[in-house]
Chemist: 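So that we are looking at the same thing, I have put the structure below in structure tokens.
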Amino acid sequence: MEALMLAALKVREKLFYNSSMALKILLTGFLLGIVMRIAVNGLESSVIISPTMFLSSILELFLRMSIMPLMPAVTMMNIGRGRHSELELLRLSHNELLDGIPSAIGNFTSLNSLDLTSSNFQGAIPSAIGNLTSLNNLDLSGNKLEGAIPSAIGNLTSLNNLYLSGNKLEGAIPSAIGNLTSLNNLDLSFNELEGGIPASFKNLCKLRFLDLVSNNLSQEINEVFEILSGCVSNGIEVLSLYNCQLSGHLNNLLGQFKNLDSLDLSRNSIAHQIPPTLGVLTSLTSLRLSNNKLNGSLPIGFGALENLVHVDISYNSLEGEVSEIHFANLTNLRYFDASHNQLILRVNPHWIPPFQLVQSIYLRSWDVGPQLPRWLRSLKHLVFLDLSNSKISSTLPVWFSDWSLRLSNLNLSHNQLHGKIPYLSSTNDLYSFIDLSSNKFNGPLPNVSSSWIDLSDNLLSGSLFTFLCHRTHDLITKLLNFGKNHLSGEIPDCWMNWKSLRILKLNDNYFSGKIPNSIGMLSGLWYLNLRNNTLFGEIPLSLEHCKELTVLQLDENRLGGNISTWLENQNFSFMVILNLRGNQFYGHMPTELCRMTYLQILDLANNNLSGTIPTCINNFIEMVNERHHAMGNQGQIVFSAGGPSLFSDSSSIMTKGKMIEYSTNLNLVRSIDLSNNKLSGAIPEEITRLEALYSLNLSHNLLSGRIPEEIGNMKALESLDFSQNQLFGEIPPSMSSLTFLSKLNLSNNKLSGIIPSGTQLQGFDPSTFSGNKLCGLPLSKNCNVDGDMPPIGIERGEDDKGSESFAWFYFYVSIAPGFVVGFWAVMGPLVFNRRWRHLYFNFLDNLWDKFMVWYYVNVARFVKGHGL
């Protein structure tokens, strides 16, 4: 195999080194020898050098290749076996070696630098690596190494830099690392290490950089500080313990780390207050304490950290007032995020902040109101501003319109802002963002320009025409959300200049008329929500051009037409949510619906659909096996559509008998609702393969046949409604195994027999089974041993009082007809047939004679025998 590599070689004799020449080296036939083709000034020549002679001469070897596998790593390392190698630097980074690190690496005893970064090495780190006692630099990061870190690594006492990040290393951090007293930089981040920082780390007096991010240390933070508080605290500059399962609380030992430049303790469970000694860390440029359980007030000493550039203390429970003194010396601040705390900003209205170079401010969930802060006006370099949910209840000041032009991201959502929105335009980039949602703005739609525009949940009114159609050039807008306002009129047919649009929400307004055909020109559209308007007519066939459509919500309108005709022309293979509930669609459910294999929510309820349920319904693979869709993010359905964050969707779903709005857990929901239609035929057995389905509603249809026997396979079901149909037969015993079922309705069918035993079904209200011919708990009707209904007249319950007297009435009434029928069945032939009559009476005479003979004989013997 021949492989192209970029190689830099330094040889003792400098045989191939020429600073004035451009060298391109091709190494081939490595098992037999090395063919070196040296291209100098366009001329090529070849020379074959034996591998052993070649490596014994090299001091530094750098081989970097990312197109194809370089060579088996074992072959490479075995070359040094059997003779002393003087190789001092070996760099095989960014290759595709697809092998383990061989033990033969220990033969290169002269190495002072070994770099195997991102080369797909697998398996364990060999203990033989401890033989490389001359090493100053060891970098094995970005591979697939697993197992424990060998204790032999403690033999590398000359080591200055140790990088093992981005592997799958597990077990405890070996205490032998404490022997590496020359260590300056230690990076063990992004592994699966556990057990805490060893006490031997107190010996690492020259340590400047310690990164243990994303390991499971499960240690108290004060214990960590105690271990590092000796000579380590005098020199360490970077301490990164993000997401390390740390607990406990910060104490005054923090003040000993006076040379700290960067401290990251975010995403842990550190509680209590930030200690006042934070104020002595004057060298600190980066402070990250987000996503913890910190409480109390922000220490006044925070304002003394004059070198701070980056601060993130968001997602804690800090409280109390923050004033000018907390920012007194923060002249170098560029980034400040203290969102999701309960802090109150109380500064002089004419305050000019010292952080004039700041670019990002995030104060979400603070109390900065009631006025929009005037001090913002002095910040000439501000690009990102988030004051959402910050108790602002004023109008936007006059200066705000011009000042906001410099912003790329603006979020003032979830306040009580009112009045009219002035002209707003963020910087013309692909990630610009304006969010004024959930306020009380009124008046017509403003002239707003940005990649992300969210004006939802306000009191905006009027037509969409001016905003939408007075644009003469292609726009960069990717998200347009005007939902939950008072907009009215027709949706204009001028979407041709909005071809970048990915997300369109016009839900919960007063729009009327038809869906315009030009929406079909939004070929990149992912999300379309027009629910709860008064739209009518058919869904335009032009929508077939929106092949990337993932969410389509047109529910609660007056749309109609043959659903078969529309779906037969569509190919929405990425569809996740299809909601056409509460419209006037008719026709059969076509098999083309089953092309939407990623469907998680299907709601066609309250229409006029007919025909049968397609048997291909088990093609919905997201309902068969629960796999969170690629759009999923911790339960949310999200879209990346520009802006500083992902757009997360919400959807109202009828489940458990009521409408529930899902947002943060929407991606976990699997639901089918076909209720209130005219569907007929049997429930297909294939539906029982939807084992990840949470809610199934087929009520108020004309379905017949039996409930599928294997319905117990649908283990995830929480809500099941088959009521108001014509289903017959028994309830399948497997239904009692639906342990998550909390809402069940089988009422008003033709079901019969005994209700399957088990605590699951017996725990439901009797109304669940009413309107059938069922018996057994939870109904008051008992069943006989065969599971049939009890005989009439035996049972007496609350639901059929008087049933016993009713039964006796029929018993007495039936006596007379029974007697008449029986009498004439015997006497009729004797009256009308002479021959039968003679035979009958002859038979009686003979029978009487035999009886009398038997009587006299036996009586005479008895009397004589007893002397009577």
Chemist: So, taking the atom named OG in Ser451 and the one named CG in Leu480, what distance separates them when rounded to the nearest 0.5 Å?
Modeler: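 Answer for the OG-CG pair, Ser451 versus Leu480, is 11.0 Å.
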Chemist: Taking Asp508 first and then Arg531, would you say they form a salt bridge - that is, a charged N and a carboxylate O separated by under 4.0 Å?
Modeler: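 Yes.
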Chemist: To the nearest 0.5 Å, how far apart are CG in Asn677 and CD1 in Ile613?
Modeler: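 Nearest 0.5 Å value for the CG-CD1 distance: 9.5 Å.
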Chemist: Is a side-chain N or O of Asn579 found less than 3.5 angstrom from the main chain of Arg581, in a donor-acceptor match?
Modeler: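 Looks like yes, one N/O pair under 3.5 Å.
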Chemist: Leu609 pairs by side-chain contact (heavy atoms from CB on, under 4.5 Å) with which of Leu580, Asn701, Leu679?
Modeler: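 For Leu609, the side-chain contact (heavy atoms from CB on, under 4.5 Å) check succeeds only for Leu679.
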Chemist: Hey, is the main chain of Leu530 close enough, under 3.5 Å, to the side chain of Asn507 for a donor-acceptor pair?
Modeler: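 The answer is no, because no donor-acceptor pair under 3.5 Å joins these two groups.
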Chemist: Indicate whether any N or O donor in one side chain lies under 3.5 Å from an N or O acceptor in the other, for Asn316 and Asn292.
Modeler: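 Distance-only check fails for Asn316 and Asn292.
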Chemist: Verify, without hydrogens or angle tests, whether Asp673 (side chain) and Ser675 (backbone) share a donor-acceptor contact under 3.5 angstrom.
Modeler: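 Such a contact is found between Asp673 side chain and Ser675 backbone.
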Chemist: Taking the side chain as every heavy atom from C-beta outward, state whether Leu385 and Asn411 have any pair of such atoms under 4.5 Å apart.
Modeler: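 No, too far: nothing below the 4.5 Å cut-off.
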Chemist: Any side-chain heavy atom of Leu436 sitting closer than 4.5 Å to one from Ile421?
Modeler: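 Heavy-atom side-chain distance check passes, below 4.5 Å.
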Chemist: Rounded to the nearest 0.5 Å, what separation is found between the CZ atom of Arg364 and the NE2 atom of His340?
Modeler: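 Rounded to the nearest 0.5 Å, the CZ-NE2 separation comes out at 4.5 Å.
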Chemist: Between Ser314 and Ser339, is there a side-chain donor-acceptor contact under 3.5 Å, judged purely by atom types and distance?
Modeler: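 No, Ser314 and Ser339 have no side-chain donor paired with an acceptor closer than 3.5 Å.
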Chemist: Without hydrogens or angle criteria, can the side chains of Arg670 and Tyr694 be said to hold a donor-acceptor pair below 3.5 Å?
Modeler: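 Per modelled atom types, Arg670 and Tyr694 side chains form no pair under 3.5 Å.
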Chemist: Nearest 0.5 angstrom please: Ser394 OG to Phe400 CZ, how far?
Modeler: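 Here the interatomic distance stands at 10.0 Å.
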Chemist: Thinking salt bridges, do Asp312 and Arg288 make one under a 4.0 Å N-O criterion?
Modeler: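 Salt bridge absent between Asp312 and Arg288.
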Chemist: Working to the nearest 0.5 Å, report the span between CD1 of Ile503 and CG of Leu525.
Modeler: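 Taking CD1 in Ile503 and CG in Leu525, the distance rounds to 8.5 Å.
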Chemist: For the residue pair Thr466 and Leu445, establish whether any side-chain heavy-atom pair is separated by less than 4.5 Å.
Modeler: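 Thr466 vs Leu445: side chains apart.
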Chemist: Taking the six-membered ring of Trp403, is NZ or CZ of Arg377 closer than 6.0 Å to its centre and within 45° of its axis?
Modeler: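 Relative to the ring axis of Trp403, which defines the angle, Arg377 lies outside at least one limit.
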Chemist: With under 30° as parallel and over 60° as perpendicular, where do the rings of Phe433 and Trp452 fit, or are they tilted in between?
Modeler: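 Answer is tilted, since the angle falls between 30° and 60°.
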Chemist: Does any N or O in the side chain of Asp402 come within less than 3.5 Å of the main-chain N or O of Ser404, such that one atom is a donor and the other an acceptor?
Modeler: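 Side chain of Asp402 to backbone of Ser404, a donor-acceptor pair under 3.5 Å: no, none is there.
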Chemist: Examine the side chains of Asn619 and Thr597 and answer whether a donor and an acceptor come within less than 3.5 Å of each other.
Modeler: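 No, no side-chain donor-acceptor pair sits under 3.5 Å.
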Chemist: Do the side chains of Asp367 and Leu343 get nearer than 4.5 Å, heavy atoms only?
Modeler: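 They are not in contact (no side-chain heavy atoms under 4.5 Å apart), so the answer is no.
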Chemist: So do the side chains of Ile453 and Phe482 get within less than 4.5 Å of each other, counting heavy atoms only?
Modeler: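 Of all side-chain heavy-atom pairs linking Phe482 with Ile453, at least one is under 4.5 Å.
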Chemist: Return the orientation label for the Tyr335 and His310 ring planes: parallel under 30°, perpendicular over 60°, tilted otherwise.
Modeler: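 The rings of Tyr335 and His310 lie parallel, inter-plane angle below 30°.
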Chemist: With Ile672, which of Ile601, Ile617, Asn697, Leu604 fulfils side-chain contact (heavy atoms from CB on, under 4.5 Å)?
Modeler: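 Only match with Ile672 under side-chain contact (heavy atoms from CB on, under 4.5 Å): Ile617.
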Chemist: Would a distance-only check, ignoring hydrogens and angles, find a side-chain to backbone donor-acceptor pair under 3.5 Å from Trp366 to Ala338?
Modeler: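 Looks like yes, one N/O pair under 3.5 Å.
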Chemist: Has Asn509 got a side-chain atom pairing as donor or acceptor with Asn485's backbone, closer than 3.5 angstrom?
Modeler: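 Pair found, side chain donor or acceptor close to backbone of Asn485.
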Chemist: Checking side-chain polar atoms at under 3.5 Å, does Ser573 have a donor or acceptor matched by the opposite partner on Asn571?
Modeler: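 Side chains of Ser573 and Asn571: no pair found under 3.5 Å.
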Chemist: So, do Leu549 and Tyr527 sit near enough that their side-chain heavy atoms are less than 4.5 Å apart?
Modeler: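 No, every pair of side-chain atoms sits at 4.5 Å or beyond.
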Chemist: Mind running side chain to side chain donor-acceptor pair (under 3.5 Å) on Asp457 and Ser438 for me, showing each step along the way?
Modeler: CA-CA 5 Å; Asp457 198 11; Ser438 300; 3.3 Å; yes
Chemist: Closest heavy-atom contact between Val448 and Phe467?
Modeler: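 So the two residues come closest at O-CE1, 3.7 Å.
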Chemist: Is it the case that the side chains of Ser365 and Asn389 hold a donor-acceptor pair, with the cut-off being a distance below 3.5 Å and no angle test?
Modeler: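 Yes, a side-chain donor-acceptor pair sits under 3.5 Å.
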Chemist: Taking side chain as C-beta onward, heavy atoms only, is Tyr586 less than 4.5 Å from Ser610?
Modeler: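 No; the side chains remain at least 4.5 Å from each other.
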Chemist: What I'd like to find out is whether the side chain of Gln416 reaches to under 4.5 Å of the side chain of Lys440, using heavy atoms alone.
Modeler: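 Contact flag for Gln416/Lys440 side chains = yes.
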Chemist: Using a 3.5 Å distance criterion without hydrogens, assess whether the side chain of Asp454 forms a donor-acceptor pair with backbone atoms of Leu479.
Modeler: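 The answer is no, because no donor-acceptor pair under 3.5 Å joins these two groups.
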Chemist: Return the CG to CG distance between Leu593 and Leu602, rounded to the nearest 0.5 Å.
Modeler: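 Here the rounded value is 5.5 Å.
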